[in-house]
Amino acid sequence: MVLPSEDRRIVIHVDMDSFFSAIEVRENPKLKGLPVVVGADPKGGKGRGVVSTASYEAREFGIRSGMPISRAYKLCPHGVFLPVNMPLYRRVSTRIMDILRKYADKFQRWGLDEAFLEVTKKAQTYGGAKKLALKIKKEIRRREGLTCSIGVGPNKLIAKVASDHQKPDGLTMVEPDQRKDFLAPLPVRKIPGVGRKTERALGRLGVRTIGQLARVDRQTLTSLLGKWGDELYYLARGIDQSEVEEGWERKSVGSEHTFEKDTDDTRVLDETLEAMIERIHRSITEEGYAFRTITLKVRFEDFETHTSSRSVDHSTSDIGLIKKISRDLLREYLGRGKRFRLVGIRLSNLEKVDKDQRPIDAFLSR
Ligand code: TTP
Ligand code: MG
């Protein structure tokens, strides 16, 4: 089923290349060409935090986002390890979004370093969209000294997968009749929203590529994955009717903390969570948001990692409630005879309660 409206839209997705580390290199050109790793509390590679991002030179050593700094250090001891300077990255992000917005009929920021632009009217044709994309790249490079990768396609799904296709500094055009061939050879996890869990479930059906996924019937997918299976049925065919929506961002905000030393001291755990909650709470209320879901993440000393969530009936911004629920959630993990390496808190299902406020900055950390 391809709806006629599907083919009429032209959507661009822009994603900055190795965003945090590219900014660091721009600020300090001596770092150009070096393996640069940005992460929480890096201590020259001896810290216990995780990697936020790595320059493409550092990725050659196998360093990836989310990896412990200590592992990154083992892979590349001569790398340059830098702390996260979020206020700087936010300022750069805001300026980039201001550039992008001008090129769009409709604009949707999607996190700190990416955005969707519907350009159906401004571009008219795929040829026009390509010209627009090249202009965007040029302007970002000239004004900010940074590169980005761009995908152009008939909907948000295709545009997003395409922007990731030739990184860094790429431009990938996928016209409506090319979408199936474009998607078919890619692994299923390239579909936004497909994580390890879905990948594993599909793997059990022998499905590894999007092309294989497109051959599975709808019933099988829904009985395996429920509503998400139904969505996947369409996504695998390159069909995505979701709109480019102004002001709708990735709706969650959270933070996590790796302890200096693994701990099972409940006071330390409580205090750490409280401090994080106060910071996150300040940020959501300042931006005029309320939440419905709280997620606690814990990682034990042996790296076993768990998350558990609880949702409330109506959206709220009650800090006492966040603290209480997080303590309840934490209790399930106490007394296991294992120390904690990391705790994290995330608020999701955010809802705007104060319409006059600016949209929330998509995340404090992912
Ligand atoms: P990404 O766009 O996923 O990564 P990137 O811009 O660093 O690299 P790429 O060229 O592959 O797009 O994320 C944007 C920024 O978000 C990234 O620079 C750092 C931050 N981030 C984290 O802090 N933790 C994470 O796990 C990820 C994936 C990103
Ligand atoms: Mg990026």
Side-chain angles (χ1 to χ4, degrees), residues 12-27 31 35-42 47 49-69 71-72 79-94 96-97 99-100 108-117 136-137 140-141 144-151 159-172 186 189-196 249-250 252-258 276 280 295 297 299 305 307 342 344 346 360-366:
I12 289 181
H13 181 256
V14 180
D15 189 302
M16 301 302 296
D17 299 323
S18 60
F19 190 51
F20 294 2
S21 55
I23 296 173
E24 296 293 346
V25 173
R26 178 189 81 179
E27 300 292 300
L31 300 177
V36 174
V37 180
V38 179
D41 184 32
V50 291
V51 173
S52 296
T53 196
S55 67
Y56 278 79
E57 289 83 356
R59 291 181 202 192
E60 305 237 318
F61 293 88
I63 299 177
R64 297 284 178 271
S65 298
M67 177 183 277
I69 293 278
R71 169 115 194 275
V80 180
F81 290 83
L82 300 173
V84 177
N85 181 352
M86 206 45 112
L88 170 65
Y89 312 149
R90 277 190 214 284
R91 283 199 299 278
V92 179
S93 171
T94 305
I96 287 169
M97 297 301 154
I99 293 174
L100 295 178
Q108 181 172 20
R109 181 178 175 179
W110 188 247
L112 215 49
D113 88 325
E114 53 180 302
F116 292 100
L117 290 68
I136 291 172
K137 287 166 85 74
I140 294 181
R141 189 191 285 272
E144 292 296 327
L146 296 170
T147 63
C148 62
S149 295
I150 296 187
K160 177 141 170 90
V161 178
S163 75
D164 187 51
H165 200 60
Q166 303 182 65
K167 261 184 167 292
D169 204 12
L171 170 57
T172 304
L186 303 177
R189 77 174 113 63
K190 292 283 177 185
I191 298 177
V194 172
R196 239 176 301 161
E249 294 191 26
R250 221 188 287 258
S252 77
V253 55
S255 180
E256 48 188 66
H257 178 80
T258 308
M276 278 195 297
I280 298 167
T295 304
K297 174 172 170 181
R299 177 170 294 148
T305 304
T307 54
L342 169 150
R346 175 161 298 274
I360 197 164
D361 218 339
F363 52 83
L364 295 174
S365 75
R366 281 199 200 158

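All ligand and atom numbering here is 1-based and tracks the order in the structure. Quick note: numbers below take in every heavy atom, side chains included, and nothing from hydrogens, waters or symmetry partners.
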SB check Glu114 Lys160 (cutoff 4.0 Å): yes
Presence of salt bridge, Glu256 and Arg299, under 4.0 angstrom: no
Atoms of ligand 1 less than 4.0 Å from [X] heavy atoms?
{"X": "Arg59", "value": "5 (P), 7 (O), 8 (O), 9 (P), 10 (O), 11 (O)"}
{"X": "Ser65", "value": "25 (C), 26 (O), 27 (C), 28 (C)"}
{"X": "Asp15", "value": "2 (O), 12 (O)"}
{"X": "Met16", "value": "6 (O), 9 (P), 10 (O), 12 (O)"}

Mode of Met86 contact toward ligand 1 - side chain, backbone, both, neither (heavy atoms, under 4.0 Å): neither
Shortest reach to atom 20 (C) of ligand 1 by a heavy atom, considering only Tyr89, Tyr56, Phe20: Phe20
Closest to atom 1 (P) of ligand 1 (judged by heavy-atom distance), picking from Thr53, Val51, Asp113, Val50: Asp113
Contact check, Leu112 vs ligand 1, heavy-atom distance below 4.0 Å: no
Min heavy-atom dist Pro168 to ligand 1 below 4.0 Å: no
Name of whichever N/O/S atom of Asp15 is nearest to the Mg ion (ligand 2): OD1
Considering only N, O or S atoms of Asp113, the one closest to the Mg ion (ligand 2): OD2
Side-chain donor or acceptor of Arg59 paired with backbone N/O of Ala54 under 3.5 Å: yes
